[in-house]
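The block underneath contains the structure these notes are about, expressed in structure tokens.
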Amino acid sequence: RAQRALNATRALCPPGVALLLDVDAALPPLLELDARKVEQVAVNFLVHACRSATTGEIRLRALATTDSQLQIEVIASCPGAHTAFQLEHLSTPFSKFDKNAQGSGLGLAICRAFADVMGGTVGHHTSSDGGVMLWFRIALVSTGTVLSASAVSTELASRTAAHIPLLTPTRCEDTLFLVVDDNRINQSVMRRHIEVLGGRCMMACDGLEAVELYQQHWDEIGCILMDCHMPVLDGFAATERIRSLHLPRRVPIIAVTADVSLDCEAAQRAAGMDAVLHKPVTVATLRATVNDVLAANHNESP
């Protein structure tokens with residue numbers, strides 16, 4: 001997961017900045033945790049650091065603390081980087097209505113929300129030269145000892161040095177995605193992600209347009225990426241309408257949202273959504289979620 005987070009952000013790293021990975025050999029090889037949320041925290045930290053740095057190095061570290069905690073750190077050893085960090089968003093609860101939390105600031109606010117959900121903590125330290133360390137801690141629970149920690153660490157280090165991606169084969173290739181989002185920038189980002197993974201896409205600006213497009217192209221669309229909060233018709237109502245059509249093939253619908261509240265999760269399940277992608281979405285998280293959902297949908301098909 002640490003390697004995946006690094007791969008997902010490597011393209012954002014400025015040319016003059018080194019992107020490095022350290023994995024503590026003391027970490028158990030198998031841990032009981034919400035791996036996707038932990039990976040998303042690491043990605044958000046790295047994205048924030050890459051956008052704030054111009055020289056120096058950015059280091060992702062995963063280590064075990066003396067009080068049995070897993071600590072994820074992103075250290076930006078880049079003079080003056082702290083002036084570009086929106087660190088206040090690490091200390092305030094996230095709200096999808098917070099207009100001050102935008103761009104990278106929104107990513108840090110989501111890290112705080114994920115930490116709260118998992119019973120963890122987030123914080124930061126600044127150095128005298130203006131460098132910044134972002135950290136995330138969660139209780140360390142081992143589930144087995146199949147491989148030695150040193151062997152896992154060595155394997156990760158060797159793959160990092162060779163820049164070999166640790167991503168699984170994608171089911172996105174040649175899949176037509178219906179992307180539903182009222183924000184043009186979000187649409188553009190998602191289009192780029194899908195094209196990187198070999199997929200194709202059509203766009204809808206609200207839930208009503210999405211329902212109409214799906215009725216016209218249901219036999220072509222392989223997956224719907226549905227924003228939850230939109231004008232005209234929100235993602236929950238749009239999903240319910242699509243499910244009520246009872247067409248010959250059930251299309252996978254993935255919620256895309258920055259809302260990590262329990263109410264939103266409950267609404268997703270009630271509407272008939274199959275999974276959720278939390279913003280900001282990366283190529284790695286999109287790929288993993290789509291792989292899982294399309295595989296499950298294939299197994300359930302008659």
Side-chain angles (χ1 to χ4, degrees), residues 36-37 40 44 89 93-103 105-107 109-114 116-117 172 175-194 199-218 220-247 249-282 285-286 288-290 292-294 296-297:
R36 287 193 178 177
K37 283 189 174 66
Q40 190 65 61
N44 289 3
H89 294 300
F94 168 73
S95 167
K96 64 180 181 295
F97 301 112
D98 182 2
K99 295 181 180 179
N100 294 319
Q102 299 178 358
L106 175 61
I110 291 174
C111 291
R112 162 67 191 273
F114 280 177
D116 291 344
V117 169
C172 298
T175 295
L176 177 60
F177 290 83
L178 173 56
V179 177
V180 191
D181 200 304
D182 60 312
N183 185 295
R184 296 291 186 184
I185 295 176
N186 291 343
Q187 286 185 4
S188 178
V189 170
M190 194 65 75
R191 180 188 293 276
R192 287 200 300 271
H193 288 354
I194 290 169
R200 300 169 293 124
C201 59
M202 61 174 58
M203 300 292 173
C205 293
D206 57 64
L208 186 59
E209 185 181 3
V211 174
E212 292 171 351
L213 281 173
Y214 183 67
Q215 285 180 293
Q216 297 168 18
H217 303 281
W218 65 268
E220 303 171 59
I221 295 170
C223 185
I224 299 176
L225 301 177
M226 182 78 75
D227 189 19
C228 291
H229 304 286
M230 295 178 291
V232 184
L233 189 70
D234 66 27
F236 308 118
T239 298
E240 290 174 351
R241 291 195 187 184
I242 289 171
R243 294 298 183 221
S244 70
L245 295 174
H246 300 300
L247 293 168
R249 184 170 59 86
R250 184 185 186 279
V251 66
I253 301 178
I254 300 174
V256 183
T257 181
D259 189 341
V260 295
S261 69
L262 294 178
D263 287 344
C264 187
E265 290 186 11
Q268 292 159 18
R269 290 192 296 270
M273 293 175 169
D274 298 283
V276 60
L277 278 165
H278 288 111
K279 298 178 182 179
V281 178
T282 67
T285 55
L286 175 63
T289 302
V290 170
D292 291 346
V293 169
L294 293 187
N297 192 66

Taking the side chain as C-beta and beyond, is there a heavy-atom pair between [X] and [Y] under 4.5 Å?
{"X": "K279", "Y": "V256", "value": "yes"}
{"X": "Q268", "Y": "F236", "value": "yes"}
{"X": "C201", "Y": "Q187", "value": "no"}
{"X": "L294", "Y": "P252", "value": "yes"}
{"X": "E265", "Y": "V276", "value": "no"}
{"X": "L213", "Y": "M203", "value": "no"}
{"X": "V232", "Y": "E209", "value": "no"}

Show the nearest heavy-atom pair for residues [X] and [Y], with the distance to one decimal.
{"X": "C223", "Y": "I254", "answer": "SG-CD1, 3.8 Å"}
{"X": "V290", "Y": "C172", "answer": "CG1-SG, 3.6 Å"}
{"X": "A255", "Y": "C228", "answer": "CB-SG, 3.8 Å"}
{"X": "T289", "Y": "A275", "answer": "CG2-CB, 4.0 Å"}
{"X": "A210", "Y": "V180", "answer": "CB-CG2, 3.6 Å"}
{"X": "T239", "Y": "G272", "answer": "CG2-C, 3.9 Å"}

Other residues, nucleotides, ligands: >12 heavy atoms within 6.0 Å of R243 CZ: yes
Measuring from [X]:[atom1] to [Y]:[atom2], what's the distance to the nearest 0.5 Å?
{"X": "L225", "Y": "D181", "atom1": "CG", "atom2": "CG", "value": "10.0 Å"}
{"X": "N183", "Y": "D227", "atom1": "CG", "atom2": "CG", "value": "8.5 Å"}
{"X": "L286", "Y": "I194", "atom1": "CG", "atom2": "CD1", "value": "6.0 Å"}
{"X": "T257", "Y": "M226", "atom1": "OG1", "atom2": "CE", "value": "12.5 Å"}
{"X": "C264", "Y": "R269", "atom1": "SG", "atom2": "CZ", "value": "10.0 Å"}
{"X": "D234", "Y": "L208", "atom1": "CG", "atom2": "CG", "value": "11.5 Å"}

Would you confirm whether [X], through its side chain, and [Y], through its main-chain N or O, come within 3.5 Å as a donor-acceptor pair?
{"X": "R249", "Y": "W218", "value": "yes"}
{"X": "D274", "Y": "I253", "value": "yes"}
{"X": "T285", "Y": "V281", "value": "no"}

Derivation of the side chain to side chain contact (heavy atoms under 4.5 Å, CB included) call for M230 and C205: CA-CA 8 Å; M230 295 178 291; C205 293; over 6 Å; no
Short side-chain donor-acceptor distance under 3.5 Å, S261 and D263: no
Side chain to side chain contact (heavy atoms under 4.5 Å, CB included) assessment of H229 paired with D182: CA-CA 9 Å; H229 304 286; D182 60 312; over 6 Å; no
Intermediate values then yes/no, side chain to side chain contact (heavy atoms under 4.5 Å, CB included), Q215 and L245: CA-CA 8 Å; Q215 285 180 293; L245 295 174; 3.6 Å; yes
Criterion side chain to side chain donor-acceptor pair (under 3.5 Å) on R192 and S188, from CA distance to verdict: CA-CA 6 Å; R192 287 200 300 271; S188 178; 3.2 Å; yes
